[in-house]
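Worksheet: one structure, shown below.
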Amino acid sequence: MKAVEQVPCPCCGSDDFSPWAEELGFFAVRCHGCALIYVNPRPLTAQIDSAVRTGVHGEDATYLDVRTRRVGAKIDLYRTVFDKMFVDVWRGGKPISWLDIGAGNGEIVEAISAIAPAGSQIGGVEPMEAKASRARARGLKVATSYLAPDHSKVDFVSIVDVFSHVPEFHDFLATVRSVLNPHGELFLETGNLADLDQRGDFPGELGLPDHLVFAGEKQIGMYLSRAGFEIAAIQRVRVDDTIYFAKSIVKRMLGRPYTIRLPYTSKYRQIRLRARLVA
Ligand SMILES: [Zn+2]
């Protein structure tokens, strides 16, 4: 039996919601207060923690393995993304400190290391041992841990595809704030699922219960402003191109629950934003 508990909306605290999707026996609901989408009932905190550290969720019918391999193409992609979005930082030429939170196999740490000025301190924290040790094997400074409030202070943090894994993002951002220098900044990337009208508008699996929370731009803004951040730059990247279309047809043929949508018709976007602490 799954050990789960009813939880209020992790963004606005409302108890009022309606069903939105079901996957692997878990339910995602839409908050009536702020329109966030979140898993409710939710696995107990101890189970979430265990899955995050081992990369394995549940057993039998609910089994899900998320110990993904290193993706070399991610390094090139994020080199380009960070090169553009933080061009003023690189032009400044001064050494910086950067911490990637939920560093996975170290791809982001590697990307930043390639473009940061000489003398910069680039590292990461990753609670899943299988991934963190893979990053260390490549010579990267990635510790097997969650972000600790007493982590040494840094100038920048990146949080890439982490948001949906964090049950209580208000608490998480408070910890991020505590490790940032006074003029610190963050880079956050997540999908905008809560901006979609219905489940079928997202052409893929939701990844429940590995993913617990889905925001849109409004809810991300609510989380950031409560933690004292203001958005300095934002990019909205569509993923439903013709290659994605072809892949979703293949996955559908393999029996995966993909909704086939014509390319360039989905409102789904990857949101990439740069935010800074309000003085
Ligand atoms: Zn809410």
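Ligands are counted one by one from 1 in listed order, and the atoms in each one are counted from 1 as well. The figures here come from the full heavy-atom set of this structure, side chains too, leaving out hydrogens, waters and symmetry mates. Residue numbers start at 1 and run along the sequence shown.
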| task | Report the angle formed at the Zn ion (ligand 1) by atom SG of Cys12 and atom SG of Cys9, rounding to the nearest 10°. | result | 120°
| said: Within 2.8 Å of the Zn ion (ligand 1), is there any N, O or S atom belonging to Cys11? | reply: no
| Salt-bridged, Glu217 to Arg236, with N to O below 4.0 Å? | yes
| Salt-bridged, Glu107 to Lys131, with N to O below 4.0 Å? | no
| query | Going by the angle between their ring planes, with limits at 30° and 60°, are Phe82 and Tyr78 parallel, tilted or perpendicular? | reply | tilted
| request: Anything under 30° is parallel, anything over 60° is perpendicular, the rest tilted; go ahead and classify Trp90 against Trp98. | output: parallel
| message | I'd like to know: is the Zn ion (ligand 1) within the 2.8 Å range of an N/O/S atom from His32, strictly under that distance? | response | no
